[in-house]
Structures are given as structure tokens and as C-alpha cells.
Amino acid sequence: MRVEVDQPKCVASGQCVLIAPEVFDQDDDGFVELLTDRPEPGQYDGVKESAVVCPAAAIRLAED
């Protein structure tokens with residue numbers, strides 16, 4: 001799985017950080033920062049849930 005974020009679309013809700021803090025973080029203004037674009041298989045569920053609940057649809061997932 002590969003993760004991409006569209007930072008200009010981010011609305012700084014922080015849901016992704018709450019769900020998958022090992023993959024997402026927030027900068028000083030609260031906008032998403034991607035810690036890894038290739039999460040471990042054990043992190044997939046949290047990453048998928050983050051993409052679903054993101055209010056701005058700023059998280060995209062791609063299969064390798």
C-alpha cells in the first residue's frame with residue numbers, strides 16, 4: 001500500500017493523527033504531515049479508516 005496526502009486540501013481536523021499516529025502527524029498549523037508513504041501491513045486498517053473519515057478527502061491510497 002502507498003499513501004498520498006493532498007496537503008492543500010487538508011482542513012487540519014486531525015482525525016488521521018488520532019487513528020494512525022504512526023503514519024500521520026500534524027505540522028505547527030495543524031495540517032497533515034505524512035510520516036511514511038509505505039505503512040506496515042499492521043497499519044493498513046488505521047490508514048484505510050483515516051482515508052474514509054478525512055473530511056477533506058485529502059488522503060489517497062494506492063495498491064502496489
Side-chain angles (χ1 to χ4, degrees):
M1 171 188 290
R2 191 178 69 245
V3 182
E4 299 172 352
V5 295
D6 187 345
Q7 284 188 308
K9 289 178 73 175
C10 180
V11 295
S13 73
Q15 297 301 305
C16 57
V17 178
L18 294 173
I19 296 168
E22 63 282 348
V23 177
F24 303 101
D25 199 358
Q26 290 176 289
D27 66 16
D28 291 339
D29 295 319
F31 296 104
V32 65
E33 289 185 329
L34 189 58
L35 300 176
T36 178
D37 65 345
R38 299 212 182 255
E40 297 294 323
Q43 299 168 328
Y44 286 5
D45 287 346
V47 172
K48 289 176 182 177
E49 183 179 352
S50 295
V52 169
V53 302
C54 177
I59 300 170
R60 291 186 301 266
L61 307 178
E63 295 298 325
D64 290 327

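Residue indices begin at 1 and follow the sequence shown.
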Could you pull out the closest heavy-atom pair between [X] and [Y], with the gap in Å?
X   : Y   : value
A20 : S50 : CB-OG, 3.9 Å
T36 : E22 : CG2-O, 4.2 Å
Q26 : S13 : NE2-C, 4.4 Å
C10 : A58 : N-CB, 4.0 Å

Do side-chain atoms of D29 reach the backbone of F31 as a donor and acceptor pair under 3.5 angstrom? no
Return each pair, listed once, that meets salt bridge (charged side-chain N to carboxylate O under 4.0 Å, His left out) where at least one residue sits in residues 33-51; pairs must be two or more places apart or across chains. R38-D64
Name all residues meeting the side chain to side chain contact (heavy atoms under 4.5 Å, CB included) criterion together with [X]; count only those two or more places apart in sequence or in a different chain, and write none if there are none.
X   : answer
E4  : R2, R60
P21 : none
V52 : none
D28 : none

Apart from I59 itself, what residues make up its hydrophobic cluster, given side-chain heavy atom links below 4.5 Å? M1, V3, V5, V17, V23, F24, V32, L34, Y44, V47, L61
